[in-house]
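Quick notes on the structure that follows.
Model, not experiment: these values are computed from the prediction. Residue numbering restarts at 1 for every chain, and letters A, B, ... go by the order of the sequence lines.
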There are 2 protein chains.
Amino acid sequence: MEKMAIDQLSEPQQKILSFITVYMEENDIPPTIREIQHGTGISSTSMVSYHLKALERAQLLNRRERRSRGLVMNEPHRVNPRDMVAIPLVGVITCGAEPVPTPDADTLAETENMVHLARSMVGNTDGLYALEAKGDSMIDALINDGDIVIMRRETDVKNGDLAAVFLLDRNESTLKRVYKEGRRLKLKPENPTLKPFYVDARHAQIQGRVVCVIRRT
Amino acid sequence: MEKMAIDQLSEPQQKILSFITVYMEENDIPPTIREIQHGTGISSTSMVSYHLKALERAQLLNRRERRSRGLVMNEPHRVNPRDMVAIPLVGVITCGAEPVPTPDADTLAETENMVHLARSMVGNTDGLYALEAKGDSMIDALINDGDIVIMRRETDVKNGDLAAVFLLDRNESTLKRVYKEGRRLKLKPENPTLKPFYVDARHAQIQGRVVCVIRRT
DNA sequence: ATGATACGCGAACAGGCGTTCTATGTCAAG
DNA sequence: CTTGACATAGAACGCCTGTTCGCGTATCAT
């Protein structure tokens with residue numbers, strides 16, 4: 001016997017399979033044989049064991065011999081949850097108005113809105129936070145109204161990086177392309193209808209750099 | 001005793017905690033008390049039990065009484081892996097050259113490169129696949145060279161949707177903004193230097209619609 | 001000194017748990 | 001009808017496993 005489609009499993013085997021699935025969603029750990037027995041109404045542990053062997057032959061699960069709760073469901077594209085990161089969506093950045101706080105560890109923990117991403121998208125998760133972009137001043141940087149911008153908290157940037165900059169004199173944050181020019185920073189809105197402007201580097205504070213942009217359509 | 005910072009845990013307690021973490025990464029299920037005992041070099045099960053109680057008081061883990069492998073790590077932002085979807089990255093779409101196959105279920109299963117996303121980003125996962133955009137013909141649609149485009153397999157689109165269109169006469173696929181104009185389709189590259197062109201609707205086949213764009217910077 | 005508290009060790013208990021063995025029933029192929 | 005593959009029950013074996021108990025040791029304020 002090689003492989004077997006799910007729909008040609010016997011009725012108790014299907015019951016076992018779905019019981020295991022439900023059980024693992026509720027408890028995070030696999031059930032014991034006796035829990036399967038009582039959960040499915042099967043009358044003996046030997047029957048459960050018998051059917052489990054069949055399911056194992058059908059490649060639908062693996063077992064670790066003689067280990068309690070040794071069942072392993074065969075879910076091929078199941079992703080390790082550790083590869084997923086939750087990034088707090090801390091606010092809206094209007095690309096040119098209103099302050100957005102640079103979040104610290106405490107506010108991060110309190111944020112309820114989270115953006116979930118694979119770690120592979122963003123690398124190291126330290127200092128990551130998310131903002132929703134408002135306005136179209138960064139349209140040439142391919143950031144549109146409503147886009148989710150993933151930021152990494154950084155205090156310095158390379159020339160030409162997209163960054164959130166806090167302007168001390170205006171008490172507001174803005175998302176711009178940043179160039180260092182001597183003692184001043186050039187902040188360039190990426191929209192042909194808007195002109196770059198310059199601020200004294202001492203009156204501006206780099207809050208974070210754009211590491212990823214996500215747009216739902 | 002209320003809550004306790006990790007750094008003021010006793011040394012065996014830290015060892016236990018890290019052992020559990022490593023064990024669960026390797027085995028998916030929590031260890032038994034005796035496995036902790038041997039894995040950490042602690043001399044008795046009662047000591048492990050003792051320290052586990054302390055860790056439980058410190059809110060670092062929960063336990064299900066009298067259940068084998070009843071440990072539950074307290075990981076607040078742990079995401080349910082079912083909320084994560086793996087989308088096959090099936091190829092490159094040059095926004096105007098070379099055919100890209102519309103993937104069927106079989107090829108999806110064989111693809112090795114996956115893009116991982118939260119389900120909340122894309123909704124239903126049916127018919128999703130990912131392409132890497134090449135070229136700058138869609139620059140005004142905020143899709144740049146190297147962006148990851150998440151597509152949903154669809155045979156029809158609304159006017160103005162971004163879609164992958166297969167051109168029968170050229171035997172190639174292209175990513176364009178699509179408008180239906182009677183019997184023909186208007187395919188509009190979103191780049192001011194490129195002009196829209198028209199194809200007979202019978203010679204074009206909608207392959208999928210853009211549902212999400214991801215750009216790493 | 002003294003008692004309180006935390007920490008440590010080994011052993012034992014009782015039920016949990018996977019496994020296996022025997023007996024029985026079903027049913028289609030030979 | 002016989003046979004053999006498959007399915008079902010019940011029970012028992014033996015290790016697994018969480019728990020608890022008795023007995024130590026060290027530290028420290030009283």
Side-chain angles (χ1 to χ4, degrees), chain A residues 1-20 23-24 26-58 60-74, chain B residues 1-17 19-20 23-24 26-74:
Chain A
M1 189 184 305
E2 270 302 294
K3 202 160 181 178
M4 199 182 258
I6 291 182
D7 52 70
Q8 53 185 284
L9 289 178
S10 73
E11 183 249 355
Q13 282 167 22
Q14 291 189 31
K15 272 173 84 170
I16 288 178
L17 217 48
S18 70
F19 175 79
I20 295 175
Y23 185 100
M24 289 191 67
E26 290 174 355
N27 300 281
D28 286 336
I29 57 177
T32 66
I33 287 192
R34 280 171 180 80
E35 283 169 338
I36 297 175
Q37 179 195 351
H38 298 130
T40 56
I42 292 175
S43 61
S44 70
T45 59
S46 58
M47 269 285 87
V48 178
S49 181
Y50 175 76
H51 287 131
L52 285 180
K53 273 179 192 151
L55 291 171
E56 203 179 4
R57 272 198 303 274
L60 291 168
L61 50 81
N62 294 320
R63 304 182 69 187
R64 286 187 271 244
E65 285 186 6
R66 289 163 196 284
R67 296 196 143 200
S68 63
R69 306 181 188 277
L71 301 174
V72 182
M73 293 295 282
N74 229 356
Chain B
M1 185 184 309
E2 268 304 293
K3 202 160 180 178
M4 199 183 259
I6 290 183
D7 52 68
Q8 53 185 284
L9 289 178
S10 74
E11 183 249 353
Q13 283 166 23
Q14 291 189 32
K15 272 173 84 171
I16 287 179
L17 219 47
F19 175 78
I20 295 176
Y23 186 99
M24 290 190 66
E26 290 174 356
N27 301 283
D28 285 337
I29 57 177
T32 66
I33 287 192
R34 278 170 181 80
E35 283 169 339
I36 296 175
Q37 180 195 350
H38 297 130
T40 57
I42 293 175
S43 61
S44 69
T45 58
S46 56
M47 271 283 83
V48 178
S49 180
Y50 174 76
H51 286 131
L52 285 180
K53 274 179 191 150
L55 291 171
E56 201 179 6
R57 273 198 303 274
Q59 306 280 333
L60 291 168
L61 50 82
N62 295 320
R63 304 182 69 187
R64 288 188 271 244
E65 285 185 7
R66 289 165 196 286
R67 298 196 140 199
S68 64
R69 307 181 188 274
L71 301 173
V72 182
M73 293 295 282
N74 230 356

[N] [atom2] sits how many Å from [X] [atom1], rounded?
X	N	atom1	atom2	result
B:N62	D:dG18	CG	C1'	17 Å
B:Q37	D:dG18	CD	P	11 Å
B:I42	C:dG8	CD1	P	8 Å
B:I20	D:dG18	CD1	P	11 Å
B:L55	C:dC7	CG	P	11 Å
A:R57	D:dA5	CZ	P	13 Å

Below 4.0 Å: OP1/OP2 of D:dT8 and any side-chain N or O of A:H51: yes
Does any part of the side chain of [Y], heavy atoms only, come nearer than 4.5 Å to the side chain of [X], both counted from C-beta?
X	Y	value
B:P30	A:I29	yes
B:I42	B:H51	yes
A:I20	A:M24	yes
A:R69	A:E35	yes
A:Q13	A:L60	no
B:L17	B:M73	yes

Per-nucleotide protein contact string for nucleotides 10-26 of chain C (B base, S sugar-phosphate only, - none; heavy atom under 4.0 Å): BBB----BBBBB-----
Just the atom pairs and distances: protein N or O near nucleotides 26-28 of chain D's N or O, under 3.5 Å.
none

Side-chain (A:R63) to main-chain (A:L52) donor-acceptor, under 3.5 angstrom: no
Exam field: side chain B:S49 to backbone B:T45, donor-acceptor pair closer than 3.5 Å: no
